[in-house]
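Input: a single structure, listed below in structure tokens.
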Amino acid sequence: MSRILIAGNWKMHLNVSQASILVHRLQERIKTHRDVEVALFPSMLAMQPLSMQIDRRKFRLGAQDGHFKDEGAYTGEVSISMLRELVHYVLVGHSERRHIFGESDETIGHKVAAAVRNDISPILCVGETKDERSSKLTSQILHNQVTAGLKNVTSREIKHIVIAYEPVWAIGTGDIAKPDQIASAVATIRSNVAHLYGVAPSKRIRVLYGGSVNADVARAYLEIDGVDGVLVGGASLNYHSFSSIVGSAYRLTRER
Ligand code: PEP
């Protein structure tokens, strides 16, 4: 069984000192656990100081984004290669990057490849909009996003990838996806991976769920067949909620 991954995406929240206080509080509440991994995704600015502060037995760091070119004249960007040895994960294709910043499937494919090339595990985010779901396009969208996101990933590299199913309509909205909707989307993602890399990698790859996860619903989501963890936005900014979500994962591993 895979380690459960609980990931906290802080988005564009918390300045350096606020980020440090949150880590301090989380550090008091979250313990080292063999079967549960906790990853924090702060702003780029807080990354370096937090890398000195975090207890690495308890936390891993992840970046919310990064440029796929290693270096060059790209004003304002931080490259994924600059994050090497600083972060363990990088989010790629988050719906806010796709929909607000217009990131294309092609760019996302390059970012996934840049992460793998730099020994960072990409968390490839995929998910349909509300309109796409009502038009019964969910499977097609997932297929397109998974295929394009993994375009440059070889069969030897697929083990480094994590996929997060994040329906756009459930992100930051409080709209709660039903467990059967999640189970079916996760099965579609795994079958796409199976088609590309074979059945064994499709079973091994970690698939997370993200979209308005909070302490009340985390346990139910973690119990869904095929879900190996959660990607948490809003609720990860509150130490009480986030440590409760991590606590749900601890309890689940004890009962398994
Ligand atoms: C996210 O940022 O990936 C996310 C799922 O946000 P929220 O939990 O706030 O919906």
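Whatever order the structure lists them in is the order used to number ligands and atoms, beginning at 1.
Remark: Asn144 CG to Glu128 CD distance equals 12.5 Å, nearest 0.5 Å.
When hydrogens are left out, the protein atom nearest atom 8 (O) of ligand 1 is Gly233 N, 2.8 Å; that is the closest non-hydrogen contact. Closest protein heavy atom to atom 9 (O) of ligand 1: Gly234 N, 2.8 Å. Protein heavy atom at the shortest distance from atom 1 (C) of ligand 1 is His94 NE2, 3.2 Å.
Across every non-hydrogen atom of Val87 and Ala63, the tightest pair is CG1-N, 4.0 Å.
By the criterion of a heavy-atom distance under 4.0 Å, the side chain of Asn9, and not its backbone, is placed next to ligand 1. When heavy-atom distances to ligand 1 are checked against a 4.0 Å cut-off, Ser236 has no atom that comes that close, whether in backbone or side chain.
Defined by atom type and a distance below 3.5 Å, a donor-acceptor pair is missing between the side-chain atoms of Ser17 and Ser20.
Between Tyr209 and Tyr165, the two ring planes are tilted [angle within 30° to 60°].
Among Lys11, Glu96, Glu166, the residue whose heavy atom sits closest to atom 3 (O) of ligand 1 is Glu166.
Not a single heavy atom of Ser95 sits less than 4.0 Å from an atom of ligand 1. Put simply, no part of Ala235 is less than 4.0 Å from ligand 1, judged by heavy atoms.
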